[in-house]
Amino acid sequence: MLDPKRVRNQTEDIARRLAIKHFTFDQATFEKLEEQRRSLQVRTETLQSAQNKRSKSIGKAKAAGEDIQPLLDEVDNLKSQRSEAEDQLRELQEELNGFLAGIPNVPDESVPAGDSEEDNVEIRKWGVIPSFDFEPKDHVSLGEQLGGLDFETATRLAHSRFAVMRGPVARLHRALAQFMLDLHTSEHGYTEAYVPYLVNAETLYGTGQLPKFEADLFKTEGEKPLYLIPTAEVPATNLVSDSILDASELPLKLVCHTPCFRSEAGSYGRDTRGMIRQHQFDKVELIHIVRPEDSEATLEALTGHAEKVLQLLALPYRVVQLCGGDLGFSAACTYDLEVWLPGQEKYREISSCSNTRDFQSRRMSARWRNPETGKPEPVHTLNGSGLAVGRALIAVLENYQQVDGSISVPDALKPYMGGIERIQ
RNA sequence: GGAGAGGUGGGUGAGUGGCUGAAACCAGCUCCCUGCUAAGGAGCCAUACGCAUUGCGCGUAUCGAGGGUUCGAAUCCCUCCCUCUCCGCCA
């Protein structure tokens with residue numbers, strides 16, 4: 001949610017920057033709604049105030065033994081006017097809220113213009129792209145050959161876009177998650193958190209998935225529906241919703257390993273082969289809750305923490321800054337980490353690190369008490385994958401493959417593999 | 001799932017229809033006193049929105065949530081949610 005005051009005062013600037021995100025801000029509608037809201041609110045409150053005054057004087061008049069009938073009549077009249085104004089105000093308020101809730105976050109000035117992935121800007125590269133003296137396979141053939149990746153059975157049990165893992169490959173998957181969790185907690189100062197995998201609509205509203213992106217979510221049946229989380233960002237960021245944090249509690253750094261569930265509506269035909277794009281995948285998520293003045297530097301640090309995972313796994317990658325057209329709804333600025341996949345001979349996204357500034361914190365009412373003003377002010381929230389576990393598994397399989405189709409275990413993962421040095 | 005008890009400000013906790021946005025205490029903040037420590041004294045101390053901003057400010061809403069009764073609700077009624085205790089069930 002954008003700050004309504006800011007939208008009012010800097011309308012032109014907001015509209016210009018939202019255009020970079022390919023969002024057309026309907027200034028006329030906003031101004032009309034805002035003006036109506038204001039006059040209705042004043043009217044309602046004035047009537048309410050008058051009514052309250054009469055009601056109070058009734059008590060006094062009664063105690064003094066005076067005739068209260070004239071006052072009662074007056075209140076009756078005020079009341080009908082007020083409830084009419086109230087109904088109009090409520091209706092308008094809902095319309096205005098709906099309008100504001102649908103506006104994406106304003107991108108930072110640093111965000112490059114562009115329409116899609118193609119226009120993202122490469123910031124840096126790390127590592128050496130491995131050269132094979134044989135034709136490298138992709139993870140699907142490698143996984144099937146090892147008996148560790150099974151998509152057919154998963155489809156029988158559930159649906160397409162699910163995977164079954166077995167044996168050392170399943171263990172490698174677990175090892176990756178454990179390794180990431182240990183790295184972030186012991187080297188990068190994160191606190192581990194375990195959170196619900198099913199959340200309610202309010203929680204999803206807080207981080208920005210609702211109301212606009214319900215189609216991407218799995219929803220449970222029932223009187224009070226719950227949704228499977230599409231990322232740990234949702235429950236983990238909402239840990240601070242509806243609260244006022246003390247300055248001494250910031251920054252809050254959380255790491256969270258969860259499965260993620262995405263319906264991937266609208267992605268038919270994309271990455272249908274293999275486990276690049278699944279309905280269910282694991283992710284280790286990094287969350288920062290910070291003071292506003294710290295969020296820019298924090299995004300750099302957060303991205304560095306995710307990069308460290310790839311560096312320790314010796315997987316070549318590059319960092320790109322997302323262009324306006326590729327930026328997510330809640331993000332003001334995003335860096336994607338793209339890992340090299342020899343099977344595709346391409347860099348593919350393995351992490352996305354975003355600064356949402358006060359966009360999510362306003363929606364979920366997460367504030368801190370600023371010692372300088374003594375007032376509660378919205379915190380800044382950031383999130384980043386550190387990393388997507390399924391895609392990390394793909395990257396390890398493809399980059400560490402040997403000529404015979406076996407996989408040598410990366411040094412960093414050996415402590416987690418119970419003595420297995422090679423998967424074959 | 002069944003029975004009972006309860007949800008009030010950062011915390012404890014008073015408050016059964018008007019003078020209660022809410023006593024008191026604790027924590028916190030400011031000032032005074034004090035050689036240090038300890039103790040003491042005075043005051044401040046919820047949030048959101050709006051109006052006015054030359055300045056003190058003023059208004060509305062909020063006592064788990066929503067609805068109702070009433071001129072007037074933290075207080076009465078209804079529904080829901082949550083917490084605790086006991087029972088059942090289970091990991």
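Everything quoted here is computed from the prediction, not taken from an experiment.
One C1' atom belongs to B:rG10, the other to B:rG72, and the distance between them is 32 Å to the nearest Å. When the C1' atom is used for both B:rU69 and B:rC78, the distance is 11 Å, rounded to whole Å. When the P atom is compared between B:rG67 and B:rA74, the two are found 15 Å apart, to the nearest whole Å. Taking atom C1' on both B:rC77 and B:rU16, the two are 14 Å apart, rounded to the nearest angstrom. Taking atom C1' on both nucleotides, B:rG2 is separated from B:rU8 by 29 Å, rounded to a whole Å. Comparing B:rA65 with B:rC82, their C1' atoms are spaced 10 Å from each other, to the whole Å. B:rG59 and B:rU20 have their P atoms separated by 15 Å, given to the nearest Å. Look at the C1' atom in both B:rA42 and B:rC80: the space between them is 48 Å, to the nearest Å.
In this structure, A:Y190 has its ring center closer than 6.0 angstrom to the ring center of A:H288. Note: A:F213 and A:F329 meet the aromatic proximity criterion, with ring centroids under 6.0 Å apart. Checked against the 6.0 Å centroid criterion, the rings of A:Y194 and A:H257 do not qualify as a close aromatic pair.
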Margin query: Please evaluate residues A:N355 and A:S295 with respect to the criterion side chain to side chain donor-acceptor pair (under 3.5 Å), reporting the C-alpha separation (whole Å), side-chain torsions for both, the decisive distance (0.1 Å), and the verdict.
Written below: CA-CA 7 Å; A:N355 184 0; A:S295 73; 3.1 Å; yes
Next item on the list: Dump the intermediate steps for side chain to side chain donor-acceptor pair (under 3.5 Å) on A:S110 and A:Q321, then the final yes or no.
Entry: CA-CA 9 Å; A:S110 71; A:Q321 182 179 14; 3.2 Å; yes
Next item on the list: Show your reasoning for whether side chain to side chain donor-acceptor pair (under 3.5 Å) applies to A:T381 and A:T356.
Entry: CA-CA 6 Å; A:T381 65; A:T356 74; 2.6 Å; yes
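Mapping A:R90 and A:V42 onto RNA chain B by nearest heavy atom places A:V42 closer to the 5' end of the strand. Mapping A:K5 and A:D76 onto RNA chain B via the closest heavy atom, the residue that lands nearer the 5' end is A:K5.
With hydrogens and angles disregarded, a donor-acceptor distance shorter than 3.5 Å links the side chain of A:D26 to the backbone of A:T29. A donor-acceptor pair under 3.5 Å links the side-chain atoms of A:N238 to the main chain of A:T203, judged by distance alone.
With A:Y317 as reference, A:E307 is the one residue of A:E338, A:E307, A:R348 to meet the side-chain hydrogen bond (donor to acceptor under 3.5 Å, both in side chains) rule.
Residue A:R38 places at least one side-chain N or O closer than 4.0 Å to OP1 or OP2 of B:rC51.
In this structure, A:K375 reaches neither bases nor backbone, as no heavy-atom distance under 4.0 Å exists between it and the strands shown. Within 4.0 Å of A:R367, counting heavy atoms only, lie sugar-phosphate atoms of the nucleic acid but no base atom. Here A:R82 lies out of heavy-atom contact (under 4.0 Å) with every strand. Within 4.0 Å of A:R8, counting heavy atoms only, lie sugar-phosphate atoms of the nucleic acid but no base atom.
The side-chain hydrogen bond (donor to acceptor under 3.5 Å, both in side chains) analysis of residues 154-176 of chain A, with sequence neighbours excluded, yields the pairs A:D150-A:R166.
Checking B:rG59 for Watson-Crick or G-U wobble geometry (two distances, each under 3.5 Å) identifies B:rC49 as its partner.
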Atom pairs, protein N/O to nucleotides 18-22 of chain B N/O, distance under 3.5 Å:
residue, atom, partner, partner atom, Å
B:rG18, N2, A:S55, O, 2.5

Interface polar pairs with nucleotides 58-60 of chain B, N/O, under 3.5 angstrom:
residue, atom, partner, partner atom, Å
B:rG59, O3', A:S49, OG, 3.1
B:rG59, N2, A:E45, OE1, 3.0
B:rG59, N2, A:E45, OE2, 3.4
B:rU60, OP1, A:S49, OG, 3.4
B:rU60, OP1, A:N52, ND2, 3.3

